[in-house]
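Sequence positions, counted from 1, serve as the residue numbers for this chain.
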Amino acid sequence: MLFSLVYTSRAVAPMTRDDLRGLLHQARTHNTSARLTGILLYRNQTFVQLLEGQRNRVEPLYEAIRRDPRHHEVTTVSTHEQLDRQFPDWSMAFDNLDEEPVGLPGYSDLLQAPRSSPSSAEAGLVRELLELFDRGR
């Protein structure tokens with residue numbers, strides 16, 4: 001059984017493209033070795049992240065994320081057990097909703113499809129995560 005956790009947080013300062021690149025490199029390196037997958041969305045200093053994997057790996061990572069000084073207002077949105085990964089091929093998919101990060105590894109174009117016709121299960125889940133931004137977290 002896998003464990004999934006979704007949280008939101010606020011960056012203490014706007015993240016530059018280089019800041020985001022560094023964060024993603026760190027996340028992908030750790031997540032690959034810990035066999036975690038997920039997606040990270042960023043807009044207007046707000047992060048929404050979904051992490052999935054073994055509970056004994058997700059929970060310690062989340063505690064480290066909660067202590068990270070680059071952000072605050074870390075809020076758990078949901079947790080649940082699941083049979084399958086929602087993002088099996090993504091050590092950390094990413095989308096910077098403030099701009100298009102051309103050339104940024106892991107950038108997802110799932111959001112480019114019209115909202116009325118999701119192209120995949122992942123696109124539908126990403127759109128659900130986007131609603132957290134629309135609801136003001």
Side-chain angles (χ1 to χ4, degrees):
M1 186 67 66
L2 296 170
F3 180 71
S4 176
L5 183 143
V6 175
Y7 75 89
T8 62
S9 68
R10 295 274 304 156
V12 296
M15 301 287 285
T16 66
R17 183 179 284 201
D18 286 342
D19 294 335
L20 292 169
R21 282 180 192 267
L23 177 66
L24 287 169
H25 176 74
Q26 178 185 3
R28 288 194 182 115
T29 300
H30 175 270
N31 292 358
T32 299
S33 67
R35 298 188 317 187
L36 298 175
T37 54
I39 187 166
L40 175 66
L41 302 173
Y42 176 79
R43 178 170 61 189
N44 297 328
Q45 284 185 249
T46 298
F47 290 101
V48 174
Q49 184 169 24
L50 178 145
L51 294 167
E52 58 187 2
Q54 295 301 313
R55 181 185 288 265
N56 65 350
R57 294 183 178 175
V58 172
E59 287 180 334
L61 174 59
Y62 184 53
E63 285 307 311
I65 288 169
R66 292 174 60 82
R67 292 187 304 270
D68 189 316
R70 294 175 285 193
H71 64 163
H72 59 109
E73 298 177 28
V74 181
T75 305
T76 304
V77 175
S78 70
T79 62
H80 68 273
E81 303 274 334
Q82 61 192 45
L83 294 175
D84 298 311
R85 292 180 187 270
Q86 299 297 308
F87 299 97
D89 300 322
W90 298 353
S91 63
M92 187 49 57
F94 172 76
D95 204 334
N96 178 352
L97 303 173
D98 287 337
E99 64 179 58
E100 283 198 40
V102 177
L104 189 58
Y107 173 72
S108 170
D109 63 357
L110 289 173
L111 303 177
Q112 305 309 314
R115 283 188 183 236
S116 60
S117 60
S119 60
S120 67
E122 290 94 350
L125 182 54
V126 169
R127 288 191 183 99
E128 287 179 30
L129 295 173
L130 285 173
E131 290 176 10
L132 293 172
F133 287 115
D134 297 338
R135 291 191 306 241
R137 302 180 330 115

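- Between F47 and H71, the two ring planes are perpendicular [angle over 60°; tilted spans 30° to 60°].
- Annotation: the span from Q82 atom CD to M1 atom CE amounts to 9.0 Å, rounded to 0.5 Å.
- With R57 contributing its side chain and G53 its backbone, the two residues share no donor-acceptor pair below 3.5 Å.
- R21 has its side chain out of reach of H25: every pair of non-hydrogen atoms, C-beta onward, lies at least 4.5 Å apart.
- Proximity of a side-chain donor or acceptor of T75 to a complementary backbone N or O of E73 within less than 3.5 Å is detected.
- Taking the side-chain hydrogen bond (donor to acceptor under 3.5 Å, both in side chains) definition, one finds that T16 meets it with D19, sequence neighbours left out.
- Residues V12 and Q45 are not in side-chain contact: their nearest non-hydrogen atoms beyond the backbone lie 4.5 Å or more apart.
- F87 and V77 fall within a single hydrophobic cluster, where Ile, Leu, Val, Met, Phe, Trp and Tyr side chains are chained together by heavy-atom contacts under 4.5 Å.
- Taking every heavy atom of both residues into account, A11 and Y42 meet most closely at CB-CE1, 4.4 Å.
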Could you walk me through whether L23 and M15 pass side-chain contact (heavy atoms from CB on, under 4.5 Å), step by step? CA-CA 10 Å; L23 177 66; M15 301 287 285; 4.2 Å; yes
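- Using a 3.5 Å distance cut-off with no hydrogens or angles, the side chains of T37 and E52 do pair a donor with an acceptor.
- Taking OG of S4 as the reference point, atom CG of L51 lies at 8.0 Å (rounded to 0.5 Å).
- Aromatic ring pairs are classed by plane angle as parallel below 30°, tilted from 30° to 60° and perpendicular above 60°; the pair Y62 and Y7 is tilted.
- Taking every heavy atom of both residues into account, L2 and L83 meet most closely at CD1-O, 3.9 Å.
- Listed by first and then second residue, the salt bridge (Lys or Arg N to Asp or Glu O under 4.0 Å) pairs involving residues 78-88 are R55-E81 (not counting sequence neighbours).
- Atoms CG and CG, on L41 and L50 in that order, are 9.5 Å from each other to the nearest 0.5 Å.
- To the nearest 0.5 angstrom, N44 atom CG is 7.5 Å from R10 atom CZ.
- By the side-chain contact (heavy atoms from CB on, under 4.5 Å) test, H30 is found to be paired with A34, L36, L61, residues two or more places apart in sequence or in another chain being considered.
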As a quick check of understanding, evaluate side-chain contact (heavy atoms from CB on, under 4.5 Å) for Q49 and I65, giving each step before the final call. CA-CA 11 Å; Q49 184 169 24; I65 288 169; 3.9 Å; yes
